[in-house]
Every structure is written in structure tokens, then in C-alpha cells.
Number of protein chains: 2
Amino acid sequence: MRRPTIHDIARRAGVAKSTVSFALNGQPGVSESTRRRILGVADELGWRPSSVARSLSSAQAGAVGLVLACETADPALMRLVAGFESVFGPREVGLLLQFAPRTELAVYHSWWHQRRVDGVLVVDVRVSDPRIALLGELGLPAVTLGRSALPSVSLDAETAMRTAVGHLARLGHRRIARIGRSPELVHTAEHTAAFLDAARAMAMESAVCVTAEPDAAEAVRRLLAARPRPTALVCDTDVMALGALGVAAQLGIRVPGELSVLAGEDSPLCLLPHPALTAVRVDLHSYGAAAAETLRCLLAGDRPPDRTFGPPCLVERGSTGPPVS
Amino acid sequence: MRRPTIHDIARRAGVAKSTVSFALNGQPGVSESTRRRILGVADELGWRPSSVARSLSSAQAGAVGLVLACETADPALMRLVAGFESVFGPREVGLLLQFAPRTELAVYHSWWHQRRVDGVLVVDVRVSDPRIALLGELGLPAVTLGRSALPSVSLDAETAMRTAVGHLARLGHRRIARIGRSPELVHTAEHTAAFLDAARAMAMESAVCVTAEPDAAEAVRRLLAARPRPTALVCDTDVMALGALGVAAQLGIRVPGELSVLAGEDSPLCLLPHPALTAVRVDLHSYGAAAAETLRCLLAGDRPPDRTFGPPCLVERGSTGPPVS
DNA sequence: GCAACGAACAAAACCGGTTTTGCTCGAATC
DNA sequence: GATTCGAGCAAAACCGGTTTTGTTCGTTGC
């Protein structure tokens, strides 16, 4: 099947191809009758613009990029990506995905040189992240999920942690712990600070934060080996929360009686175990969409304000309850 | 930062831009000394080809597409995608992702018209899938994951189910059940047939297959309400298996004593619960890579043979054991 | 009645590559 | 010594759009 070009339309309508271009783009300089004739022919031929040709002359790639560092199939990421897509998809802006465990910087370089993308979304921002500097240097428009020197959209860690810790406080917990992802992540750092703040505000007896890297189950085991043992555990991700439930089951610790488990993100996974996981729900799809919207603004030439996304809300299920001493 | 073009190189090296193109692409017709000079200048200027310009003249998009129907964040999908990427990423072929719950066909049409992609990968093939017909009609190169009229790579359902059922048979199970995804999926249909075959071959007393749609937990509950109750349950996905463990816990059914649970795919999720899930391991990353490799052949002009990927292997963990009557 | 103007369109340049064609010149052939 | 021939390169066409520049012609103003 041969795809029609504006040249074909021009020939068929008996006009110059520049006229066709003007007519199709609603530019002035074409009489109404000619415009209608051209649109008719274009429709008849089933013409659609070649994104490549348009990109070349407009110097716009018509795509945005996302580089993923981890090969670990984080379910949460997929929902973020779906959120990105909900903004760009309908606008016919492609979403280019690349996995690059250790070569993220090279990918950005490559994309920029090849003019493959108009902008990028950056997830899992680290403290003093080299990507931020590079993107600024290249002048490649970017929006980060998590605060950075670039335009960003971030989660409301304070409210999230106040919600989580407040819930546990109301249930009567006095010794709480939290397990998060790598401490190098801005997300983790912010949530750790917010967790400790909230714990102080609620006058917790103890509040400790540990990292799930490299082995989340081992980290949970160590936490639960402490004496006195924390009676509640806030897990940054739902996967960690599932893991915590597993460790508790293995150690014969009853949930929620002897240990309350709270997931810092909600997803269908939280419904699977018994008891189901109480979670702080963040709408990752909307979060992703908000980031995409911000990038869209940036690409349109505005300087979008940094946004905080939220607030999260608590979804109470069976994995949290009053501590039994 | 201005990006250098071959025109810049040509001016600097004092040659025509066609000569630069030949030199950079290793074409004959350029003397060795000129070629070296041009490569030197290109290197000095930090030149990289514009993918857009190259696409326009070569009539190749330099990208392949993937349309996802489901917004449900299936962790398995991410690993497949990572597998695709492991083939295309290093070759600087972009992976374009689009979520299109009900407009998949429109996306293919649009991509084809816009010349956005050179080919597509199709996941979750359904019986009599309209996408297959459309792709054939458009002549858009495609590889399906799961058998179809198009070039495909599929899983070895027979071996997988023989492995799973054989394991259960050796443990002494006589009444087994299986829960799978939508029966419309080719993947499900093939695994159902293979499961029933294997059950017959092992002279099972009973072997029933149900679908997890729309509510997997409810389906498991119904299965476990049957009398006599099946003593083992094969779950097509690891998420379903987690759900089955949850339901069993809720009903007070001990795993693996009263019910063995086996996951049809392995992932880190299988390690989370206690007992951890015995699984039939399929390397989804390699499976995705095999599909991508097949598409690459197709794009290179070969007609690749349909491949079966496998065989899977059994990873024994705690969720399966001899039935206690 | 003639210059000035603007509407409507054609023609051409451009984006940054690839590919075809054409030209020049030195070496080999007869 | 005139004729091929081919190596090495320049020039131009091309991909399919967008954008700038030119051209024609009817209308308006003085």
C-alpha cells in the first residue's frame, strides 16, 4: 500500500504543494473554495502527515523519552508510564522507552544528538543526580518526578507520612519503623524526613528507618529481631509490604495483632494477601499525568511551576490494627 | 548548543556533503586519506546522525512499536518489554509505547500512516484477533507473542504444563485445578489444552480450568468451595498465585498441606509470601528478546521461522507439597 | 488612468540526511 | 598519441513536509 503525500494531493487538486500544506494546516492565504477542494482530496486519499517529514522541517521529534535504570519490573512504574501516555498518546506524541542500567547519561546524549525526543521524563531522582546536570547542560527539556533543579512534580511526603503515622498513632502504636528504597533517592530522603517529623509530632517512643537494599526481607528480619520490637511497619512500596507480611508469617508473628503493616502505595497487589494491606493511596496514574502535563507546558515554551501532587489518602484494610502487648 | 550536521563537516573538510555521507557510512568512492580527514572532523565536531533526517531519506522509522491494551500494571509485561529493549536498545532502534485500551487498531493505522514505526510487537494475542488481520492488511511487519498467522514466538505450553502437573502428580495429588487469564487469549487456550492433556496423561481424577476474569479471588473461592476440593491449584500468573494464597489464608486452608499452589510464571513476587511460591520459571526477559530478535530478522527482510521458546523449568519452593487428606 | 496594494496561489528554499548523476583527471590500452 | 576506463569527488535530486519568496491579477486611491 502506497501512502499518499501532499504532492499527490497537490497534483490531484491541481495546485502547488505549498498551497496544500497551508490548506491542511489552516493557514491563511488559501481561498475557502480551494481549501475545501484540497481537504476533500486529502480525505479521499486518506492522507495522514508523515511524522518523520514533519519532524525534520519543524525540528521537533514528536516524542518524549523515558530512561529506566532498573530492569526490576516495578509494577508502580507501569502505572506512572500509563499516566504519561494518557497525556501524550492522544496528542500523537510518542513515548520512547529505553532501559539503560548504567548508561542513562549516554542515552540522553544520544537522544539529544539524534534529535529523537523533544523532552524527557526522569524518574527515581537521586540526590545530586548526574542526569539533572547533564540535561540542564544539553538544554534537553525535562521534568523530574521528585524535586530537583529542573522543573518537577513531586509527591506530598509530609501529608503521606502524617497520614500513615497518624493512623498508627490513633491505633495506639508507640514504636514504629519504616522501610524504604535506596537512601540515595530523593523520594526516600524526603519520606524519611517526613516520617521522622511525623513520629516526633505524634510523640512516638521510637521511630526507625531502614533501607530495603539490597535485601528487603533481611532488613525486615533485622527490624523484627529488635527488642523491644516495633509494633508497626510502614513500607514504602506495596511489594515491600508483601515481603514484610511474608517475613512475619515465617517468623510466626501475627498481623495485625503483633505487627501492623502499612503500604506506602496502593495497588491491586495490596488486595491479594490476607489480611489485605492497609495503604496510603497515591494515584500514580494521575501523578504520571501531572508530570507529563508539566513537560507538555515546558515544550510549549512556558516555564511551568514546580508542583506537589497529592494529597494521598488512607485506605484501611486488614493489615493494621491496635497493637496487642 | 547547536548540533553539527554533515553540511558543517563538509564545509570544514572542504568536500561535498555527499562525500561526507559516503565517508561516514563506509561506502566506496572516497579515498582513504579523505575518509580519514572527514572522520576526524566529524569526531572533532561531535557529529551524530539526525535520526529524523535519516528516517526521511531511508524511509525507515528507526523504531518499533508496542501497543498495550491493559492499563493494569502487569509486572510480567515490564520484563517482556525489558527483553525487547535488550535487542533494540543497543541498535539505536527506539521502542515506542502506547496504551490504547480500546483503540489499538486506530493506533496501528496511525503509526502506519505516519510512518512512525518499522514494525510492531503484539502481546496478548486473542483467538481471531482483529489486530492480526489489520497488520497483515497494512503490511506492517509484526511479530506476535503467541501463535498467530503472523510470524510469532510462543511459549512451550505442553512442557510447562507437563512440568507443573507432573510435579503435582509426583507429590501425590489426584484432584487439580488451574486458573488462567481470559479464555479469549491464545496463551490461555493453549495452556488450558496442555493442562488437560497433561492431567489425562497422569491419570488425574479431576482437572478443572477456570478463568480469573473478572474476579480472580472469587474464582479461587468457588474452586475451593467444591467438594471434594482440589488439592492443588496451578495459577497462570504469579499475581494470581499470590491471590490464591490470600484466599486460602482467609478460608483457613493451610498451604501446602491442604492446598498446594503453583505459579505458572516466576518472578521476585514469588519469593515474597510465606510459604514462597513454587513456580514454573519462564525467562520472560529472554522470551521478549527472542520476539524482538524475530522482528529484527523480519525487518531485515528475512522471513523468520515461528519459534517456540522454552523449555521452562520448575523452581520448587514452599507452596507445594504432598496433600494431607 | 496609473501606481500601490493585497489576495491567492506558484515556485523555490529549507530541514539533514541518502543516493544518483555528472564531471575531471590520471593511468592503462591499443 | 588518441581512447577508454575508473577512481575520486562535486552537484543535484530526493524523502515529505514547512516556510519564504515571487508572481499574477483584480481592486482601490488619488
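In what follows, every heavy atom counts, from backbone to side chain, and hydrogens, waters and symmetry copies are set aside. Naming convention: chains lettered A, B, ... in sequence-line order (proteins, then strands); numbering from 1 in each chain.
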TODO: Could you state the atom-to-atom distance from CD of Glu32(B) to P of dC9(D) in whole Å?
DONE: 11 Å
TODO: When you get a sec, tell me which of dG17(C), dT19(C), dC9(C) is the closest nucleotide to the side chain of Gln27(B)?
DONE: dT19(C)
TODO: Give a yes or no on whether a salt bridge exists between Arg12(A) and Glu44(A), defined as a side-chain N under 4.0 angstrom from a carboxylate O.
DONE: yes
Task: Nearest-angstrom distance from the residue atom CD1 of Ile9(A) to C1' of dT18(D) - done: 14 Å
TODO: Quick one: label Thr34(A) by what it contacts on the DNA or RNA (base, sugar-phosphate, nothing), any heavy atom closer than 4.0 Å.
DONE: sugar-phosphate
Task: Atom-pair distance (CG on Asn25(A); P on dG16(D)), nearest Å - done: 17 Å
Open item on the list: So if I take every side-chain heavy atom of Thr19(A) and compare against dG17(D), dG8(D), dA10(C), which nucleotide ends up nearest?
Closed with: dA10(C)
- [ ] Mind calculating the distance between CZ (Arg3(A)) and P (dG17(D)) to the nearest angstrom?
- [x] 11 Å
TODO: Answer with yes or no whether Ser18(B) presents, from its side chain, a donor or acceptor under 3.5 Å of a partner atom in the base of dA11(D).
DONE: yes
TODO: Using a strict cut-off of less than 4.0 Å between a Lys/Arg side-chain nitrogen and an Asp/Glu carboxylate oxygen, indicate whether Glu32(B) and Arg37(B) qualify as a salt bridge.
DONE: no
TODO: In whole angstrom, give the distance that lies between atom CZ of Arg116(A) and atom P of dC15(C).
DONE: 22 Å
- [ ] Can you tell me the distance, in whole Å, between the NE2 atom of His7(A) and the C1' atom of dG17(D)?
- [x] 12 Å
Task: Presence of salt bridge, Glu104(B) and Arg131(B), under 4.0 angstrom - done: yes
Task: Nearest-neighbour nucleotide for the Trp47(A) side chain, dC9(D), dA10(C), dG17(D) considered - done: dG17(D)
TODO: Salt-bridge test for Arg48(B) and Glu92(B): reply yes if a basic N is under 4.0 Å from a carboxylate O, no otherwise.
DONE: yes
Task: Closest listed nucleotide, where the reference is the side chain of Ile6(A) and the choices are dG17(D), dC9(D), dG16(C) - done: dG17(D)
Open item on the list: Side chain of Phe22(B) only, heavy atoms from C-beta on: which candidate in dT20(C), dT18(D), dT19(D) is closest?
Closed with: dT20(C)
- [ ] Between Arg115(A) and Arg35(A), name the one whose nearest nucleotide on DNA chain C is closer to the 5' end.
- [x] Arg35(A)
Open item on the list: Over all strands shown, is Val15(B) touching base, sugar-phosphate only, or nothing at heavy-atom distances under 4.0 angstrom?
Closed with: sugar-phosphate
Open item on the list: Using OP1 and OP2 only, check whether a side-chain N or O of Arg54(B) sits under 4.0 Å from dT18(C).
Closed with: yes
Open item on the list: Taking only side-chain N and O atoms of Ser21(B), does any of them lie within less than 4.0 angstrom of OP1 or OP2 on dT18(C)?
Closed with: yes
- [ ] Taking only Lys NZ, Arg NE, NH1 and NH2, and the carboxylate oxygens of Asp or Glu, determine whether Arg181(A) and Asp124(A) approach each other closer than 4.0 Å.
- [x] yes
Open item on the list: In whole Å, I'd like the distance from the NZ atom of Lys17(A) to the P atom of dT20(D).
Closed with: 15 Å
Task: Between dG17(D) (C1') and Gln114(B) (CD): distance, integer Å - done: 13 Å
- [ ] Using heavy atoms to find the nearest nucleotide of DNA chain D for Ser58(B) and Ser31(B) separately, return the residue whose nucleotide is more 5′.
- [x] Ser31(B)
